[in-house]
Structure formats: structure tokens, C-alpha cells
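The structure under discussion is supplied below as C-alpha cells; questions concerning it will follow.
Computed over heavy atoms, backbone and side chain alike; hydrogens, waters and symmetry mates excluded. Quick note: residue numbers are just sequence positions, from 1.
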Amino acid sequence: LIQRAGGFTPQAYVYGLDFSREETRQRQRENLASAITRLESLSATQSARDAANRRDDTTAASTAAVSNAATQAQLARLSRVQPNGRIALELNPTASSLDALPDVPLDHADRIVVPSRPAFVTVAGAVVNSNAFLWKQGRTAGDYLRLAGVDEAADVTNMFILRADGTVNHAGDRRSFWGGNALESEAL
């Protein structure tokens, strides 16, 4: 289909190609609803367990209330998530031709968007300055993290990189030999 449409322009960022399918979006919506239901059930069970084991200790009651509020906030965030139906194609970051794409049969209403190469890296989360920073050759995830400033509440063991192709690299997946976070040394 892309060949029939004239192929890629010189500005095409093939690695960032967004391939979305309605059937996948529906499946993502169902999976999200199931996850929310499981979390609600676990929360109710934990609240009942806490209430049954609670003494007249105001600290324990306060801790349980904070935990319940955090769970409810997470549920509210999850209920606002809108699945996009994106299928991660797991392309090579240097992909630039049609040959790099997998041969995927197309369905009615499939959507393909080929962006131009972005000139920035976005850093968000528990950082002092959630921002987009100019991409520079050779900079690592740790370099961008330092530019944003790590917040004192940050848990860098939970850091992740959301790649342009839709895949995720998590700090828990990559530990250095000395036990540190190898993800920080990854070039972006």
C-alpha cells in the first residue's frame, strides 16, 4: 500500500511508523476494562482485610486511607486511558526503506502514519523539569535525565524509555554488572 501511494519521502521516519488497527483498539479496550475490574476487586479485598485487622490505631487507619486514595486515583487514571490500537512493528531504528517493514495483511480501517524524524526527546515523570530537549547524537537516557533534573521522589529503578516504534525498555529489564541502572547509559 505504501509503495502504491508513492513510497516514503526523504523526511520519513520509518522507525516511528504508527500502524493502528480497530480490532486491536477494541482488544486493548477489553484488556484495560479487565485490568480495572481486577484492580477494583483487589482494592475491595484489601480494604476489607485492612478493616478486619484494624486496631484503634489512628496511624494504621490513616495509612489505609492514604493507600485507598492512591488506588482510587490510579483507577481514575486508568479509566481515562483511551486505547489507540497501535501495533508495535519492532523495526530497526535505522530502518529507512519499504523492505524494513513486515509483510502484514491489511484490514479495513487500518491506519498508517509515517512521521518525520523528531528533533527532540521528551522527559516526563518525577523530574524537576518535564520538558522536551533537543536530540543530539550520542546523548544517553541518563544525559537527558540529568538535563531534566531527577526529583528526590523519583524511583529510577522504574524508569522506562518509550521508543518511537511503540516498544518499551524498562530499567528492570537491564541491570548493570554492578547493580546499577544500565538503561541510563543507553543512547537515544
Side-chain angles (χ1 to χ4, degrees), residues 15-91 101-115 118 121-128 130-132 141 144-145 148 150-175 181-184 186 188:
Y15 181 62
L17 185 140
D18 184 338
F19 176 59
S20 304
R21 178 167 281 172
E22 181 60 28
E23 177 187 347
T24 303
R25 188 171 69 80
Q26 293 292 5
R27 200 169 297 134
Q28 289 170 340
R29 182 179 287 129
E30 292 165 6
N31 291 340
L32 184 60
S34 294
I36 290 170
T37 301
R38 277 193 313 276
L39 187 55
E40 287 170 338
S41 176
L42 286 171
S43 175
T45 302
Q46 186 62 43
S47 293
R49 200 175 284 141
D50 290 346
N53 294 329
R54 191 173 303 137
R55 306 176 307 241
D56 288 335
D57 184 0
T58 56
T59 304
S62 174
T63 302
V66 168
S67 176
N68 187 39
T71 301
Q72 293 307 313
Q74 180 67 15
L75 283 167
R77 276 193 298 278
L78 283 174
S79 66
R80 289 190 301 269
V81 170
Q82 292 298 315
N84 60 12
R86 185 172 188 187
I87 298 172
L89 298 178
E90 301 178 54
L91 300 173
L101 299 179
D103 190 19
V104 178
L106 299 177
D107 285 350
H108 177 70
D110 281 354
R111 195 175 135 236
I112 300 170
V113 177
V114 183
V121 172
T122 303
V123 182
V127 292
V128 176
S130 284
N131 209 338
Y144 287 103
L145 196 56
V150 179
D151 189 88
E152 63 186 34
D155 179 6
V156 292
T157 62
N158 259 330
M159 180 174 93
F160 65 90
I161 297 172
L162 175 57
R163 299 263 179 207
D165 72 339
T167 59
V168 173
N169 294 23
H170 189 274
D173 299 337
R174 302 194 55 201
R175 297 274 180 223
N181 182 351
L183 196 61
E184 288 187 47
E186 192 162 321
L188 300 181

Worksheet item: Measuring from E23:CD to I87:CD1, what's the distance to the nearest 0.5 Å?
Response: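 Atom-to-atom, E23:CD and I87:CD1 are 8.0 Å apart.
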
Worksheet entry | Side-chain touch Q28/N84, heavy atoms, less than 4.5 angstrom |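 When only atoms from C-beta onward are counted, N84 and Q28 do touch, with a gap below 4.5 Å.
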
Worksheet item: Is the closest side-chain heavy-atom distance between E90 and P102 below 4.5 Å?
Response: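 The answer is no, as the side chains (C-beta and beyond) never meet within the 4.5 Å cut-off.
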
Worksheet entry | Side-chain donor-acceptor contact under 3.5 Å, R77 with Q74 |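 Q74 and R77 do have a side-chain donor-acceptor pair below 3.5 Å.
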
Worksheet item: In Å and rounded to the nearest 0.5 Å, what is the CG to CZ distance from L106 to F19?
Response: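 Interatomic distance, L106 CG to F19 CZ, rounded to 0.5 Å: 5.5 Å.
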
Item to complete: State the CZ-CG distance between R163 and N169, to the nearest 0.5 angstrom.
Response: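 Result: 5.0 Å between the selected atoms.
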
Worksheet item: What closest approach, in Å, do T157 and A171 show between heavy atoms, and which atom pair accounts for it?
Response: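 Minimum heavy-atom separation between T157 and A171: O-CB, 3.5 Å.
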
Discussion item. Taking the side chain as everything from C-beta on, heavy atoms only, tell me whether L32 gets closer than 4.5 Å to V81.
Written reply: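 Yes, at least one pair of side-chain atoms sits under 4.5 Å.
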
Discussion item. How close do S130 and G125 get, counting heavy atoms only, and between which atoms?
Written reply: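 Closest approach of S130 to G125, heavy atoms only: OG-N, 3.7 Å.
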
Worksheet item: Which distance, rounded to the nearest 0.5 Å, do you find between the CG of L39 and the OG of S34?
Response: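 The OG atom of S34 is 12.5 Å from CG of L39, to the nearest 0.5 Å.
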
Worksheet entry | Heavy-atom check, side chain of V114 versus side chain of L17, under 4.5 Å |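 Sidechains of L17 and V114: in contact.
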
Fill in: Summary of salt bridge (charged side-chain N to carboxylate O under 4.0 Å, His left out) pairs that have at least one residue in residues 30-47, sequence neighbours excluded
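Passing the test, one end in residues 30-47: no pairs.
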
Worksheet entry | Distance in Å, L145 CG paired with M159 CE, rounded so as to fall on 0.5 Å steps |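 Atom-to-atom, L145:CG and M159:CE are 6.0 Å apart.
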
Fill in: Taking every non-hydrogen atom, the tightest pair across V168 and L162
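V168 and L162 have their closest heavy atoms at CG2-CD1, 3.8 Å.
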
Worksheet entry | CZ/R111: more than 12 non-hydrogen atoms of other groups inside 6.0 Å |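 Count not over threshold, so no.
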
Worksheet item: Is any side-chain heavy atom of D18 closer than 4.5 Å to a side-chain heavy atom of I112?
Response: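 Heavy-atom side-chain distance check fails, nothing below 4.5 Å.
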
Item to complete: First locate atom CG of L89, then atom CG of D165, and finally report the distance between them rounded to the nearest 0.5 Å.
Response: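 The CG atom of D165 is 7.5 Å from CG of L89, to the nearest 0.5 Å.
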
Discussion item. Tell me every residue that passes side chain to side chain donor-acceptor pair (under 3.5 Å) with R21, counting only those two or more places apart in sequence or in another chain.
Written reply: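 Once residues adjacent in sequence are excluded, the partners of R21 under the side chain to side chain donor-acceptor pair (under 3.5 Å) criterion are D107, D110.
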
Practice prompt. State whether the side chain of E22 and the backbone N or O of A109 hold a donor-acceptor pair below 3.5 Å, judged by distance alone.
Written response: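 The answer is no, because no donor-acceptor pair under 3.5 Å joins these two groups.
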
Item to complete: Would you sort out whether V156 and L183 count as a side chain to side chain contact (heavy atoms under 4.5 Å, CB included), showing the intermediate values?
Response: CA-CA 10 Å; V156 292; L183 196 61; over 6 Å; no

Practice prompt. Go through the steps for R29 and Q26 under the test side-chain hydrogen bond (donor to acceptor under 3.5 Å, both in side chains), then give the verdict.
Written response: CA-CA 5 Å; R29 182 179 287 129; Q26 293 292 5; 2.9 Å; yes

Worksheet item: For the residue pair V150 and A154, what are the closest heavy atoms and their distance?
Response: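 Closest heavy-atom pair between V150 and A154: CG1-CB, 3.5 Å.
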
